[in-house]
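Please read the structure below before turning to the comments.
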Amino acid sequence: MKLLIVEDEAKTADYLRDGLAEQGWSVDVARDGNSGLHLAREFDYDVIVLDVMLPGLDGFSVLRELRLRKQTPVIMLTARDRIDDRVHGLGAGADDYLVKPFSFIELLARLQALVRRGRQQESTELNIGDLQINLLARRAFRDGNRLDLTGKEFALLALLAQRRGQILSKTVIAAQVWDINFDSNTNVVEVAIKRLRAKIDGPFRNKLLHTVRGMGYVLETREDEDAAANARPPA
């Protein structure tokens with residue numbers, strides 16, 4: 001499970017990062033609101049721990065901006081036990097609220113509950129054109145034919161499908177699929193994309209996996225665009 005902590009108090013952030021890592025979480029930390037918002041938008045997290053009092057953007061502002069694009073579960077932390085603060089946070093889109101100081105065990109339980117709730121709401125079936133993906137069974141079919149994918153190829157396909165129509169950079173793909181910081185000298189993403197494209201697009205007329213030069217990759221149907229182009233009279 002992947003988690004983002006947005007907390008400017010170094011001692012608290014390090015304590016949470018180390019404790020959650022011991023519990024098997026993959027943890028990123030941001031020390032200010034602007035950095036936290038950037039990471040929350042760019043990467044997919046199972047849940048976000050968001051402090052209210054932050055340098056730059058405060059927690060409420062980060063949450064409002066995030067909710068314009070994503071519905072990642074968020075638990076807010078604050079040192080102020082005021083009803084209006086809690087109402088403000090929940091009204092801005094927070095899923096839960098915890099007042100400092102708090103028990104690590106309670107935070108862990110709340111995080112696990114948010115992740116379970118979010119997964120129950122997620123669809124386990126994704127369809128893009130004649131491509132069907134079952135996230136639970138980890139199987140994919142194209143035009144009724146099962147695709148023979150490795151574990152990493154399926155993870156890559158699932159990421160692209162869940163972000164359908166959105167261009168994903170190599171940096172984002174490397175972090176989400178391989179959990180690594182992208183090295184410009186490493187071609188692991190290009191190789192994986194090439195192999196995945198051969199399997200999901202190779203035998204089929206309509207292509208789904210597209211390269212956007214200088215930006216990244218996107219999974220989407222383009223039949224409508226192709227049909228429109230074919231319908232235009234010659235110049």
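Counting from 1, the numbers follow the sequence of the chain as shown. These numbers come from a predicted model, not from an experiment. Because only heavy atoms are used, hydrogens play no part in the values below, and waters and symmetry mates are left out as well, while side chains stay in.
Partners of Val62 by side chain to side chain contact (heavy atoms under 4.5 Å, CB included), not counting sequence neighbours, listed by chain and number: Leu37, Leu50, Leu57. Residues forming a side chain to side chain contact (heavy atoms under 4.5 Å, CB included) with Arg146 (at least two apart in sequence, or on another chain): Arg139, Phe141. Evaluation of the side-chain hydrogen bond (donor to acceptor under 3.5 Å, both in side chains) rule for Arg31 yields Asp14 as partners, not counting sequence neighbours. Under the side-chain hydrogen bond (donor to acceptor under 3.5 Å, both in side chains) criterion, Gln112 pairs with no residue at all, not counting sequence neighbours. Taking Asp58 as the reference, Ser61 meet the side-chain hydrogen bond (donor to acceptor under 3.5 Å, both in side chains) condition, with sequence neighbours excluded. Considering only residues two or more places apart in sequence or on other chains, Lys70 meets the side-chain hydrogen bond (donor to acceptor under 3.5 Å, both in side chains) condition with Asp44.
Between Asp130 and Lys207, no side-chain nitrogen of the basic residue sits less than 4.0 Å from a carboxylate oxygen of the acidic one, so the salt-bridge criterion is not met. Ion pairing between Arg222 and Glu220 holds under the 4.0 Å rule for side-chain N and carboxylate O. Between Lys100 and Asp51, at least one side-chain N (NZ, or NE/NH1/NH2) sits under 4.0 Å from a carboxylate O, which counts as a salt bridge. Look at Asp46 and Lys2 and you find no salt bridge, because none of the NZ, NE, NH1 or NH2 atoms lies under 4.0 Å from a carboxylate O.
A 6.0 Å sphere centred on CD1 of Ile105 holds no more than 12 heavy atoms belonging to other residues, nucleotides or ligands. No more than 12 heavy atoms of other residues, nucleotides or ligands lie within 6.0 Å of CG in Asp148, so this atom counts as exposed by the packing criterion. Taking a 6.0 Å sphere around CZ of Arg195, one finds it holds 12 or fewer heavy atoms contributed by other residues, nucleotides or ligands.
Note: the hydrophobic cluster containing Tyr15 also contains Leu3 (ILVMFWY, side chain heavy atoms under 4.5 Å, direct or indirect links). If you chain together hydrophobic residues whose side chains sit under 4.5 Å apart, Leu156 and Met215 never meet in one group. Both Val29 and Phe102 are part of a single hydrophobic cluster, where members link through side-chain heavy atoms under 4.5 Å apart. No path of Ile, Leu, Val, Met, Phe, Trp and Tyr side chains, each step under 4.5 Å between heavy atoms, connects Val212 with Ile200, placing them in separate hydrophobic clusters. Note on Val177 and Phe43: same hydrophobic cluster, where clusters join Ile, Leu, Val, Met, Phe, Trp and Tyr whose side-chain heavy atoms are under 4.5 Å apart, directly or indirectly.
Note that the CG atom of Leu4 and the OG atom of Ser26 stand 10.5 Å from one another [nearest 0.5 Å]. Residue Leu159 holds its CG atom at 9.0 Å from CD of Gln166, rounded to the nearest 0.5 Å. One distance of note links CG of Asn34 with CG of Leu54; it measures 9.5 Å at 0.5 Å rounding.
At least one side-chain heavy atom of Val115 sits under 4.5 Å from a side-chain heavy atom of Trp25. Between Val49 and Glu7, every side-chain heavy-atom pair lies at or beyond the 4.5 Å cut-off. Contact of the Trp178 side chain with the Val188 side chain is registered, since non-hydrogen atoms from C-beta on lie closer than 4.5 Å.
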Check: Given Ile48 and Leu66, is the side chain to side chain contact (heavy atoms under 4.5 Å, CB included) satisfied, shown in steps?
Finding: CA-CA 11 Å; Ile48 297 171; Leu66 176 64; 3.8 Å; yes
Item checked: side chain to side chain contact (heavy atoms under 4.5 Å, CB included) between Leu108 and Gln23, worked out -> CA-CA 9 Å; Leu108 183 60; Gln23 298 296 320; 3.9 Å; yes
Notebook entry, point to check: Run the side chain to side chain contact (heavy atoms under 4.5 Å, CB included) check on Glu190 and Tyr217 step by step: do they pass?
Noted result: CA-CA 10 Å; Glu190 292 95 324; Tyr217 307 95; 3.7 Å; yes
Check: Going through the checks in order, is the side chain to side chain contact (heavy atoms under 4.5 Å, CB included) test met by Leu16 and Phe104?
Finding: CA-CA 8 Å; Leu16 293 178; Phe104 177 79; 4.2 Å; yes
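Here the closest heavy-atom approach between residue Ser35 and residue Ala30 is recorded as C-CB, 4.0 Å. Minimum heavy-atom separation, Ala161 to Ile133: CB-CD1, 3.5 Å. Annotation for Arg138 and Gly151: closest pair NH2-O, 3.4 Å, computed over non-hydrogen atoms. Contact between Leu149 and Ala140 at its shortest, heavy atoms only, is CD1-CB, 4.0 Å. Residues Asp32 and Pro55 approach most closely at CB-O, 3.7 Å, considering heavy atoms.
The backbone N or O of Thr150 lies less than 3.5 Å from a partner atom in the side chain of Glu153, making a donor-acceptor pair. Formation of a donor-acceptor pair under 3.5 Å by the Asp201 side chain with backbone atoms of Leu208 is found in this model. No donor-acceptor pair under 3.5 Å is formed between the side chain of Lys199 and the backbone N or O of Leu147.
A side-chain donor-acceptor contact under 3.5 Å links Thr211 and Arg197. Donor-acceptor pairing under 3.5 Å is recorded for the side chains of Glu9 and Thr12.
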